Peer 1: 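My structure is below; once you've seen it, I'll send some questions.
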Amino acid sequence: MKLNPLLRKIFLVDLVKGLKVTFHYQPPSEAITEQYPLERPVIFERFRGQPRLNVNPDTGESLCIVCNLCALACPEQLIVVKGERNPATKRKEVVSWTYDLSRCMFCGLCEEACSTDALELTQDYEMALYTREGMVLDQAALERGQEPEKYAK
Amino acid sequence: MNPVATPFFFYFLAFMAIVSAIAVITRRNPVHAALSLIVTLLSLAGFYLMLYAPFVAAVQIVLYAGGIMVLFLFVIMLVNLEQNIREYQFNKQWIVATIASLALGGLLLFVYRTGRGSFPSAFYQSYRGLEGDNTQQIGIWLYGNYMLPFEIASLLLLVAIVGAVVMAKKRI
Amino acid sequence: MIEYIKGYLSSGTTPGEAGNMFWATVYILLVITGVSVAVLCMNWLERKILAHMQIRLGPMRVGPHGLLQPFADALKLLIKEDIIPHDADKFVFWSAPVVVTMTAFTTFLVVPFGRTHAVTDMNIGVLFMLGVSSLGVLGIIMAGWSSNSHYPLMGSLRSSAQMVSYEIAMGLAIVSAVLMTSLQTGTGTLSMIGIVESQAAQHTWFIFKFFPLGFIAFAVFAIAMVAETNRAPFDLPEAESELVAGFHTEYSGFRWSLFFLAEYSAMLAVSSIAVTLWLGGWMRPFPNWLGGTAWDMAFSFLPALTFFVLAAGCFLGTIRMPKIPQFRVQTIGLGTFAALLGFVGLVLLVPGVRVRIQDIYWFVVKVAFFMYLYIWYRGTFPRYRFDQLMKVGWKVLLPTGLGVLIATAIWGLMPQLSAAILGVLQ
Amino acid sequence: MDSSLVYEILLRMRHDELFDYCVDITAVHYPKREAQFDIVYILYSFHHNERVRIKTQIKDGEHLRTAVTIWETANWLEREVFDMFGIVFDGHPDLKRILMPDGWKGHPLRKDYPILQQDQEWVKINLGIESGQ
Amino acid sequence: MTDSTRTDYLDLDTKDETFLDATELVLNMGPQHPSTHGVLRVILKLDGEKVLGTECVIGYLHRGVEKIAENRTYAMFNPYVDRMDYVAAVSNGLGYCEAVEKLLSVEAPPRAQYLRVILTELCRIASHQVWLGTHALDIGAITPLFYCFRDREEVLKIFEKYCGARLTTHAFRIGGCIYEAYEGFEQDCKKFCDAFLPKLDEYEELLTTNRIWVERTKGVGILNPEDCIALGVTGPVLRASGVKWDLRKAQPYESYKDFDFEIPTGLHGDTYDRYLVRIEEMRQAVRIIRQAVDGLPQGPIMAKVPKVIKPPVGEVYHSIEAPKGELGYFIVSDASTQPYRIRVRPPSFVNLQALDKMVRGLLVADVVAVIGTLDIVLGEVDR
Amino acid sequence: MTEITTMHYLVVAAALFIIGTIGVLTRRNVVIILMSIELILNAVNLNLVAFSRLWGLHGQVFAIFVITDAAAEAAVGLGIIIAFFRNKETVNVDEVDLLKW
């Protein structure tokens, strides 16, 4: 099939080729739009999302040993951990734990630094809130996982 | 096929034409003047329709309003000068010129008044039937009796095209 | 009253010809409503078709499959704040969208949707359309100039140069079609209805006449009309990647929506010129090949069939809607819409309506084809640059149009010419 | 390397050694040293496929001759050095701030750049409150 | 701020005489213009629609990355480099990690090197996809954008599966990779390669031969090789001018010397050639990915790097071939845990300098096309 | 209202003609002078078409010739204006009195 370039030009072959491409993508089955609140996106296992403090599932105790490694690793210095040594058990226990989610860039360095798998970036991605203050999470919020605020008028 | 409410339309169009014509020569901003001129031209097109000259009316709209005036606006925008608008708009002899022109107008009115009888008050019936194939008739006239002027006009247009390009272009 | 309507409907003239003011007003209102509705439909269709070409879904939230999106947009535009820039020339800024919209709607006065379905039949119909639509450029210039801003000014300068240049090619193509009305039969006409009727009398659409001359003239017109309406790939006056939004950059709200309305109705208007001049206007396809009353009968069922197919599509969509509470309203809405379409289809089956609606149906179908082309072009092509656009207009379309015109004239006069040459030779 | 010789050497590098591509011009600030700034020219030669770093030390307030005449690319790179460190290049065609706004005070990449004071000052002027930082 | 009515900085000695040059116009394009790819502001001096001169005003996205680096440890700075060229975050991370590795004199193990190559080449494809989509959009073709983003989505999915983020990946660590390839990584990469090539042909069908595209791009924004080198322009822009120079071949880093690939070059250095070069680069990237996936060695993925990185006193310059050109890191260490100074040599910043030279004498519409063809990312220009 | 006769049209045309004359004679802006000339030509056209109602189509044919002429005149005139503006940065007739620049 060898067409003369002049003929190609007159019969607009180049344009028709483009038209063909756009035409054959028309069936809606080709569409890749995800209708977000109805269709949930697939989140993969390693996704770095909402931070969570894990607890021992049997006892309900926090796994955090207040080693402060996460706070040191964080480039934005948004983790503040304060602990006190419990004289009874000889273990450090959490006094206050804050995580300022509004400044977090989800680099995952804190998760890597954690020696007990207490801090974890989970697959939750719905973190929108109406206030900045709500973005500063304390231990309780980190342990139960934060719920996005429902939109209400 | 009688045009409806002819006197009303006539006076309306005459009013529009004259008011916007006055606006043409008095507006400070050339764009406003050009837009007023377009209104005048459109009312004239209306006149032509009332005079059973639909082809001339169409040519008036296509050529004048759509073509020439666009050219005017184009040029006005190209040479749009702020300071030009702020300057004095009339030249030194404007009083003399106005008086002379008005005198000419008075003269014309006088002529019309005295010679009123020579213009029939009603249109001849014989041309009434022509409006249906007005375009065709004009075509026949143009390419028949007026063949030579037509060719001269086309030559004139050609000269005008070349001339305009030569003048507007800096280097050819 | 009913008798009056019936009596009018059975007459064979347009209201303008009959000098019937009442019916003329009714027709004008009908045409304006119809065009506005068509613009709304175009709004939705363009988004949907473009979205599907771009593997998206387009509007999906406002109403089932976004069917109510145009209404939502119209509402939004109407209640939006209307901004006039501080340094704008207020009066011109105000009147520009009015001029554009008025000229765009005025052209529909002479569009023949059927033998009697036109507001009036002017004996200079084509010239009228060309002239009035060329007035639209004035509105664009006014808009660009009065905004007192650089981007609109450049947009309007581009637009005026573009529209003036392409009008010439368009005019030449039209003239060659008009020439075809007079050839062979000898009754030339500029009237829109007359042109369609001469196509009927010559048993051919002008696109096929003097093949390929008719087709080339049509192609010239089809390209020029895209440029004339400032659509992709000739949408330089409003090229969003260069001039932000071109001449209507400073417009917002209702005024902006007038520009939108005008653009789409201008598209409809030039498409109807093309349909009238080359595609046989309101005539159904294949009148020669599939002639006869039986075929006429068969074709007359097509309008109803179209609506049934649309209704079936909607019904399918209703069934396939997700069965969750959030979608209940949408499902009901789509079902109602399907029922409505089906009902319209049923109405179109009534014999009296069926015969009458045919003309309009075929005209609308042909115009819709052009509308689809517009969207398709927009989805596919990059944009021309200004000098290239001028080059295409002046160096390709204009000589082609001129050549076609001359060739048509020679071809049409072939018998006389050959007789004359033979006479000279003898 | 002595700062007065830099221009000559760069010219040599460009024309004799064919280091025709100026990769980068940057500076390092050592506030404790007497000659506070290291100016680093990173050059590359397409012919030798080699990189060379030319370093010079200058004092604060000292000027340097521009390299724009040797490599056009030095234009913005020198502007950035000027913007960030306040080192003036003589003969530069258009030496003004490039990344920071025109009216900016100070040169951010100097080690003694008072970022907090600046911030507080800005907040005070523009918002009329004491900065919380 | 620069006064937009000032024109004295523009070189107006070489005034071209044109048709209808009645007025000269200073047009302020951006920073909020649809096609300046973010917040670039270009002041154009126009004669009608013809460009007499330009000046770029940048810095609207300046975040002081180099200053931040001086207050972070080496490991902590790693996520920040992703945010410079955010459409090619993986390449940025690669350059940074390699520069620090060079400073520490360690080398990533072979498996990590292969993983890095695969991800960087995927990232190159993703970056070029964004370029193609936006460039086509600038020229007026609105559809390729969506096709490109559809295919880029596949790349981003691989990134998300591999390292848990799609855009600002933070995929590599100093000394290697921290994430082992997930199960099915090889298959995913191969599947992507197989699916991607036909899609690439489709883009070409839409654009390469399209007469409007050709007219809009051919002969527009020509840069000859001498100018390119003088202006320090690198990457596809340099290669389109005919200089066959690619750091992957010239000074191979990682394991690029193991792979067999070509460096596409152009002839004229115009926008069309740059388009063709980038398209061909995507094909070559696919080729590299296929080889790397096939030859992926087993072994550790992390070299022995101390937990607290404290490089010896010294300085290092290391550069890689990012999708946009030579991306260099100049790091000065004073033996503390924090870098004394990090200088980033961003390709976009240097390439953007060529804009003025490229657009003089062209039309406004071409400025848009040229900005698109330079493939700048303002995050990287301003840092 | 009375019936409209040719006289009415003639009066309107005369008015337009006078307005055009005043415009040509008094304004300083060349563009507006050109537009006033267009006004004059249009007044003539109106006369021609009005008379063509009485004495056949000659008037209309002439009107078409006049429109052609006006187009040519506008093109050349505007070309001169552009050429002039480029050299003197003004469109005032008072400053066009020199035959060279």
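These numbers were taken from a predicted model, which means no experiment stands behind them. Note on naming: letters A, B, ... go to the chains in the order of the sequence lines (proteins, then strands), and numbering restarts at 1 for each one.
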Peer 1: Contact between E/Leu231 and D/Trp76 at the side-chain level, heavy atoms closer than 4.5 Å - yes or no?
Peer 2: no

Peer 1: Within the 4.5 Å heavy-atom criterion, are E/Gln353 and D/Glu72 side-chain neighbours or not?
Peer 2: no

Peer 1: Is D/Ile42 in contact with chain E via its backbone, its side chain, both, or neither, using a 4.5 Å heavy-atom distance?
Peer 2: side chain

Peer 1: Hey, could you give me the CD1/CZ distance between D/Ile25 and E/Arg345, rounded to the nearest 0.5 Å?
Peer 2: 11.0 Å

Peer 1: Please verify the inter-ring angle class for D/Tyr30 with E/Tyr340; under 30° counts as parallel, over 60° as perpendicular, anything in between as tilted.
Peer 2: parallel

Peer 1: With a 4.5 angstrom heavy-atom cut-off, is it the side chain or the backbone of D/Asn75 that approaches chain E, or both, or neither?
Peer 2: both

Peer 1: Which heavy atom in D/Thr73 sits nearest to a heavy atom in E/Val350, and how many Å separate them?
Peer 2: OG1-CG1, 3.4 Å

Peer 1: So which atom in E/Ile229 and which in D/Asp20 form the shortest heavy-atom distance, rounded to 0.1 Å?
Peer 2: CG2-O, 3.1 Å

Peer 1: Measure D/Val23 against the heavy atoms of chain E and call it side chain, backbone, both or neither at under 4.5 Å.
Peer 2: both

Peer 1: Who wins among D/Met84, D/Arg51, D/His29, D/Arg97 for the most heavy-atom pairs under 4.5 Å with chain E?
Peer 2: D/Arg51

Peer 1: So which bits of residues 314-325 of chain E come within less than 4.5 Å of chain D, counting non-hydrogen atoms only?
Peer 2: E/Glu315, E/Val316, E/Tyr317, E/Ser319

Peer 1: Looking at residues at least two apart in the chain, or sitting in another chain, which of them share a side-chain hydrogen bond (donor to acceptor under 3.5 Å, both in side chains) with E/Asp334?
Peer 2: E/Ser336

Peer 1: Roughly how far, to the nearest 0.5 Å, is the CD1 atom of E/Ile342 from the OG1 atom of D/Thr26?
Peer 2: 11.5 Å

Peer 1: At a heavy-atom separation under 4.5 Å, does E/Leu352 approach chain D through its side chain, its backbone, both, or neither?
Peer 2: both

Peer 1: For E/Glu66, what residues pass the side-chain contact (heavy atoms from CB on, under 4.5 Å) criterion, not counting sequence neighbours?
Peer 2: D/Glu80, D/Leu109, E/Arg341, E/Arg343, E/Val344, E/Arg383

Peer 1: What closest approach, in Å, do D/Tyr21 and E/Gly232 show between heavy atoms, and which atom pair accounts for it?
Peer 2: CE1-CA, 3.6 Å

Peer 1: How would you list, in number order, the residues of residues 326-333 of chain E that have a heavy atom less than 4.5 Å from chain D?
Peer 2: E/Glu326, E/Phe330, E/Val332

Peer 1: Are D/Tyr44 and E/Gln251 close enough, and set up right, to give a side-chain contact (heavy atoms from CB on, under 4.5 Å), and what steps lead you there?
Peer 2: CA-CA 12 Å; D/Tyr44 177 83; E/Gln251 299 181 337; 3.6 Å; yes

Peer 1: Check each atom of E/Ile68 against the heavy atoms of chain D and say whether the ones under 4.5 Å are side chain, backbone, both or neither.
Peer 2: neither

Peer 1: Counting only non-hydrogen atoms closer than 4.5 Å, does E/Leu247 touch chain D with its backbone (N, CA, C, O), its side chain (CB onward), both, or neither?
Peer 2: side chain

Peer 1: With rounding to the nearest 0.5 Å, note down the distance linking CZ in E/Arg63 to CG in D/Leu99.
Peer 2: 11.0 Å

